Amino acid sequence: MTDAVFSETTAEPRTRAVPLAHLSLELGHLYMEDFEAGSDRLREHFASVRPWADAARAAVTARTPGGRPRISTCFLVDDYFTRFSSPAELVPLLREEAERAGLSIDYLARESGCAVAGKVPVAQAVAGRLVEEPPPGSHGLRPPAAETGWLANGERGTVARAPQAMQRTAAWQPPRETAARRHSVFLDVELWNDTDGQRTWSCPFLAAVWQLARLGLLRAEGEPVLVPEPHTGLPDDWDDLPPVVQLAPKAAAFTAYRTCSVLPNRFLPVEHAVRVVLDQTEVDQEALRQVAERAQGESVTLPDPVAERISYVFYEGT
């Protein structure tokens, strides 16, 4: 005779769905050097972004059934690696320069929120979902990313070693990309480093978390992470500003089926690394299912790989 096991359904975490726009359009990142360059740098940035943002809107309109897509815009400020200015000083300047170029920032996000949002260790949770792809023919000689803080899209090259007595010289072998097309483009991404017991997440890893947030695929015990909070005022300290703030009350949803980021071309290496991270991240399956069902209901075609839901425009700039 087997013992019956009873459990309350309320004890099992339920994955809560999120609203979805058709496109989350990122109008840029801001780092300390950009702010220090003054309003002229911001003006130049938004003027460069405008035509590409228009093109992204046109592209999603063309592929949206009915031709009336829901599009939200966002902007990411780096308050993780450096602290500069204050929300009270910076946010009005950003909005003013965006509007001068004919753009509107619906959501403002803090990069530190991609590391820790409230009491949720967001980056650590995503790191726990890394599933490395063993390259064909590899022998498990490389320590896992959880130990090293490094993640590759293939197998590292080997270093030629001097022979020991009665042994042949070990020949040099080049690195190999796992999914190479004719030739390899091998990339080894630093995810974090630890100094004196303090972990610092890398820019590419936080950018991968940022993409997952915009795609509506982050959950903590079933609850969405990095949910926008309404704009109620601008404090003098970044820690007093929510991780994501909704600046435009009537904006489309922050989370979306697809993302597009318009960035200066200096971000190209970072975003290549983002795709490597996302290709080896096990995303919450229930969140994926919810998005897939919603897309099907709206006749929206979505690729299965999460990284393929992301697009970029890199413009020539500083």
Side-chain angles (χ1 to χ4, degrees), residues 5-24 70 72 74 109 113-136 144-147 149 151-154 178-179 189 191-192 201 204-228 243-244 252-261 271 273-311:
V5 177
F6 297 94
S7 63
E8 296 185 22
T9 56
T10 54
E12 300 174 2
R14 180 175 299 175
T15 301
R16 186 156 63 90
V18 296
L20 292 165
H22 290 92
L23 181 70
S24 165
R70 302 182 299 274
S72 63
C74 57
C114 296
V116 178
K119 297 181 179 180
V120 179
V122 188
Q124 186 62 53
V126 174
R129 288 183 166 273
L130 291 174
V131 181
E132 295 177 80
E133 300 175 356
E147 295 180 12
L151 183 70
N153 64 346
T178 301
V189 183
L191 307 178
W192 64 77
W201 301 98
F205 191 72
L206 292 179
V209 175
W210 170 235
Q211 290 288 357
L212 289 172
R214 293 167 63 198
L215 289 170
L217 298 174
L218 285 183
R219 298 292 188 278
E221 296 184 354
E223 290 297 312
V225 180
L226 294 177
V227 176
V244 182
F254 168 67
T255 45
Y257 293 123
R258 294 176 183 266
T259 70
C260 178
S261 299
E271 300 305 331
V274 167
R275 297 180 69 89
V276 171
V277 173
L278 293 181
D279 281 338
Q280 298 181 70
T281 300
E282 184 182 12
V283 180
D284 186 292
Q285 292 300 303
E286 182 62 17
L288 278 173
R289 185 193 64 78
Q290 290 173 347
V291 172
E293 286 187 356
R294 176 79 181 275
Q296 185 177 17
E298 292 197 274
S299 299
V300 172
T301 302
L302 275 184
D304 289 331
V306 171
E308 297 304 317
R309 303 179 188 184
I310 297 168
S311 63

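Computed over heavy atoms, backbone and side chain alike; hydrogens, waters and symmetry mates excluded. Being a predicted model, the structure only gives us computed values, none of them experimental.
For the pair R294 and V300, the minimum side-chain heavy-atom distance is 4.5 Å or more. Using a 4.5 Å heavy-atom cutoff, the side chains of V306 and L288 are in contact. Between L23 and Y257, the closest side-chain pair of non-hydrogen atoms is not below 4.5 Å. L130 has its side chain within reach of V277: a pair of non-hydrogen atoms, C-beta onward, lies under 4.5 Å apart.
One finds the CG atom of N153 at 6.5 Å from the OG1 atom of T178 (value rounded to the nearest 0.5 Å). To the nearest 0.5 angstrom, L278 atom CG is 9.5 Å from E271 atom CD. Atom-to-atom distance recorded for L20:CG and S72:OG is 10.0 Å, nearest 0.5 angstrom. We find the CG-CG distance between L191 and L151 to be 5.5 Å, quoted to the nearest 0.5 Å. Distance check: E132 CD to T281 OG1 gives 10.5 Å after rounding to the nearest 0.5 Å.
Judged by distance alone, with hydrogens and angles left aside, the side-chain atoms of Q280 form a donor-acceptor pair with the main-chain N or O of A152 at under 3.5 Å. Here the side chain of E286 pairs no donor or acceptor atom with the backbone of D284 at under 3.5 angstrom. Under a 3.5 Å cut-off, the side chain of R309 and the backbone N or O of P303 do form a donor-acceptor pair.
Closest approach of G118 to V116, counting heavy atoms only: O-CG1, 3.5 Å. In plain terms, the two heavy atoms of C114 and V122 that are nearest each other are O-CB, 3.7 Å. For the residue pair A287 and T15, the shortest heavy atom distance occurs at N-CG2, 4.2 Å. Considering every non-hydrogen atom in both G113 and L226, the closest pair reads O-CD2, 3.4 Å. Pairing each heavy atom of V274 with each of P204, the nearest pair is CG2-O, 3.5 Å. For the residue pair F205 and A127, the shortest heavy atom distance occurs at CZ-N, 3.6 Å.
Checked for salt-bridge contact, R289 and E293 meet the test: a charged N lies under 4.0 Å from a carboxylate O. A salt bridge links R70 to E298: one of the charged nitrogens lies within less than 4.0 Å of a carboxylate oxygen. Under 4.0 Å is where a charged nitrogen must lie from a carboxylate oxygen, and between R258 and E308 no such pair does.
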Please list every donor-acceptor pair under 3.5 Å in which a side-chain atom of residues 206-220 meets a protein atom from a residue at least two apart or in another chain.
unit_1: W210; atom_1: NE1; unit_2: E26; atom_2: OE1; d: 3.3
unit_1: W210; atom_1: NE1; unit_2: E26; atom_2: OE2; d: 3.2
unit_1: Q211; atom_1: OE1; unit_2: T259; atom_2: OG1; d: 2.8
unit_1: R214; atom_1: NE; unit_2: S24; atom_2: OG; d: 2.9
unit_1: R214; atom_1: NH1; unit_2: E26; atom_2: OE1; d: 3.0
unit_1: R214; atom_1: NH1; unit_2: S261; atom_2: OG; d: 3.0
unit_1: R214; atom_1: NH2; unit_2: S24; atom_2: O; d: 2.7
unit_1: R214; atom_1: NH2; unit_2: S24; atom_2: OG; d: 3.3
unit_1: R214; atom_1: NH2; unit_2: C260; atom_2: O; d: 3.2
unit_1: R219; atom_1: NE; unit_2: R16; atom_2: O; d: 3.0
unit_1: R219; atom_1: NH1; unit_2: G216; atom_2: O; d: 3.0
unit_1: R219; atom_1: NH2; unit_2: R16; atom_2: O; d: 3.1
unit_1: R219; atom_1: NH2; unit_2: Q290; atom_2: OE1; d: 3.4

